[in-house]
Amino acid sequence: MKLLLGQTLSFHRDPFEGAPEDAARWEPQGAVAVDEGRIIAVGPAETLRARYGDALVEDHGRGLILPGFVDAHVHYPQTGIIASWGKRLIDWLNSYTFPEEARFGDADYARGAASRYFDLVLSHGTTTTVSYCTIHPESVDAYFSEAAARNMRVYGGKTCMDRNAPDNLRDTAQTAYDQSKALLERWHGVGRAEYVVTPRFAPTSTSDQLAALGALWAEHPECLMQTHLSEQVEEIDWVMGMFPEARDYLDIYDRLGLLGEGALMGHAIHLSGRERDRLREVGASLIHCPTSNTFIGSGLFDMAGLKAEGQRIGLATDTGGGSSFSMLRTMAAAYEVGQLRGRPLHPSELLWLATAGSAEAIRAGDRIGRLAEGFEADLVVLDLASTPGISQRSERAEDIWEAVFPTIMMGDDRAVAATYVAGEKMSRIEVSPGK
Ligand code: GUN
Ligand code: ZN
């Protein structure tokens with residue numbers, strides 16, 4: 001049993017549904033009691049110290065204790081090519097992404113990359129990731145093994161492609177089904193791992209492959225399904241030329257069994273009214289990846305409009321189309337995209353999206369993403385004065401939102417004072433160099 005002391009911020013509702021500043025309870029001298037990997041109480045430090053007198057105390061001073069960040073859409077194999085210059089989506093995939101992903105058939109290479117990736121995200125305060133792996137089963141084994149070595153709750157799956165990709169990155173409808181099924185059976189529910197059925201996106205799969213993965217998902221509705229939807233306008237034109245019978249991009253997935261509750265639709269920027277209605281009707285989740293959308297030049301996600309109509313929305317880095325591993329930087333980009341669309345997101349809304357919002361989008365909202373009794377003790381402690389520039393601004397703050405906003409906008413891994421996974425503090429991580 002241990003007691004973590006610091007400021008605490010715990011949400012009791014979605015801040016988009018009412019006054020955002022009242023959606024969370026702030027304790028300036030708070031405490032989180034943790035036992036056997038779970039949160040057993042959250043409250044004022046004085047109360048919990050009296051209640052748990054014999055607990056080990058870890059005092060974070062003025063540090064802000066939050067749930068660990070939940071990154072709902074990443075490509076861990078793209079870690080090595082993050083920040084690659086000058087291309088839009090299709091050229092970016094062909095020039096940078098596919099050559100790097102081709103290396104993941106080598107189990108040692110995959111293992112090294114997965115290890116480096118998890119060290120990086122933990123040092124940025126992220127405790128759960130939902131990742132595309134590559135076509136190679138080795139890349140999936142590497143991802144789940146390295147996560148298990150850190151006891152992290154993670155989600156991921158083999159990325160399937162049977163056309164419009166290089167020869168060494170293509171499977172078939174049958175091998176995609178067989179290998180995905182074998183990996184699902186090997187990893188789903190083992191420790192804290194969950195398998196995600198993963199067709200990359202419509203243009204790199206034939207209808208047969210999409211249908212085979214739709215069938216696999218129907219056999220395993222307990223799993224999530226992830227893919228990409230309407231990220232760039234050129235992509236949409238390309239896709240619609242390939243599937244002339246479809247009403248729109250979403251309809252391709254819908255017809256082939258790849259739309260429903262538990263479907264994670266990455267990007268979802270350029271949507272028609274019909275697509276929006278259908279996404280909401282089935283309860284699919286939209287995953288907003290703002291640093292990617294600006295970096296690759298994809299467009300401006302309509303957060304306010306989509307939330308107002310009741311869509312489920314998570315937040316993500318989209319490493320390495322996204323330009324940062326940091327969910328702080330990702331919240332900042334979501335704020336900037338909101339500004340460009342005329343609706344600044346409140347710090348409360350941004351923090352919600354990076355924690356409980358993403359957790360709900362991946363159907364894990366009852367076990368991660370909140371500072372509340374019974375939840376898994378994946379936590380981040382933020383230093384709200386991690387650089388001189390942030391510190392001089394937060395000193396003037398008149399409430400917790402004004403105190404945390406400079407860290408959201410200007411913070412990075414230096415703001416992460418500690419990361420806890422299932423109640424255990426991760427030691428300060430040395431990220432190994434890659435090549
Ligand atoms: N669409 C299909 N694959 C990808 C990918 O790897 N990154 C991004 N940003 N979009 C995609
Ligand atoms: Zn992606």
Side-chain angles (χ1 to χ4, degrees), residues 71-104 113 117 129-136 139 143 155-166 169-171 176 196-205 209-210 213 224-239 242 249-250 252-253 258 263-270 285-301 314-325 330 333 337 358 361-362:
D71 191 343
H73 178 126
V74 313
H75 300 255
Y76 95 83
Q78 298 171 12
T79 299
I81 54 113
I82 193 168
S84 290
W85 187 84
K87 305 280 186 203
R88 289 174 65 79
L89 179 61
I90 308 304
D91 290 342
W92 175 84
L93 285 170
N94 288 319
S95 308
Y96 299 123
T97 306
F98 290 159
E100 178 62 14
E101 292 193 5
R103 302 175 73 177
F104 282 70
Y117 173 73
T129 54
V130 184
S131 188
Y132 290 66
C133 301
T134 66
I135 195 113
H136 315 95
S139 75
Y143 176 74
Y155 298 70
K158 168 188 145 78
T159 297
C160 301
M161 297 194 273
D162 67 348
R163 64 167 161 172
N164 292 319
L169 279 182
R170 283 204 308 261
D171 49 16
V196 186
V197 177
T198 309
R200 181 175 217 119
F201 66 158
T204 50
S205 290
Q209 181 170 81
L210 295 174
L213 293 171
L224 298 166
M225 189 288 304
Q226 61 184 346
T227 192
H228 296 85
L229 175 68
S230 294
E231 181 177 359
Q232 288 208 337
V233 286
E234 306 92 296
E235 170 207 6
I236 299 170
D237 291 344
W238 189 41
V239 171
M242 267 182 252
Y249 198 160
L250 185 69
I252 302 168
Y253 296 132
L258 294 168
L264 312 180
M265 296 294 177
H267 305 290
I269 301 169
H270 309 282
S285 299
L286 313 186
I287 311 298
H288 177 37
C289 309
T291 73
S292 170
N293 299 162
T294 53
F295 183 76
I296 308 186
S298 302
L300 304 176
F301 183 83
L315 187 67
T317 60
D318 189 30
T319 301
S323 55
S324 176
F325 298 97
T330 303
V337 170
S358 275
I362 63 167

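Whatever order the structure lists them in is the order used to number ligands and atoms, beginning at 1. Hydrogens, waters and symmetry mates are skipped; everything else that's a heavy atom, side chains included, is used. Residues: numbered from 1 along the sequence shown.
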Of all the atoms in Cys289, is at least one N, O or S atom closer to the Zn ion (ligand 2) than 2.8 Å?
no
Result for side-chain contact (heavy atoms from CB on, under 4.5 Å) between Thr159 and one of Thr198, Ile135, Asp171 points to Thr198
- Evaluate the ring planes of Phe104 and Tyr76, with Trp represented by its six-membered ring, and classify them as parallel (under 30°), tilted (30 to 60°) or perpendicular (over 60°). perpendicular
For Asp318, the atoms of ligand 1 under 4.0 Å from one of its heavy atoms are 8 (C), 9 (N)
- Query: If we only count heavy atoms from C-beta on, is the Met265 to Tyr253 side-chain gap below 4.5 Å?
  - Reply: yes
So the atoms of ligand 1 within less than 4.0 Å of a heavy atom of Leu89 turn out to be 8 (C), 10 (N), 11 (C)
Ranked by distance from atom 3 (N) of ligand 1, the top protein heavy atom is Arg200 NE, 2.8 Å
The atoms of ligand 1 lying under 4.0 Å from a heavy atom of Leu93, numbered in the order shown, are 3 (N), 4 (C), 5 (C), 6 (O)
dist Leu169:CG -> Asp162:CG (nearest 0.5 Å) comes out at 12.5 Å
Exercise. Going by distance alone, is a donor N or O of one side chain under 3.5 Å from an acceptor N or O of the other, for Gln78 and Thr319?
Worked result: no
Under a heavy-atom criterion of less than 4.0 Å, does Gln78 contact ligand 1? yes
Q: On the 0 to 90° scale, with breaks at 30° and 60°, tag the His73-Tyr132 ring pair as parallel, tilted or perpendicular.
A: tilted
Value for CH2 (Trp238) from CZ (Phe201), rounded to nearest 0.5 Å, stands at 5.0 Å
Candidates Glu235, Met161, Glu231; heavy atom nearest atom 8 (C) of ligand 1 found on Glu231
closest protein heavy atom to atom 7 (N) of ligand 1 is Trp92 CZ3, 3.5 Å
min-distance N/O/S atom, His73 vs the Zn ion (ligand 2), resolves to NE2
Here the N/O/S atom of Asp318 closest to the Zn ion (ligand 2) would be OD1
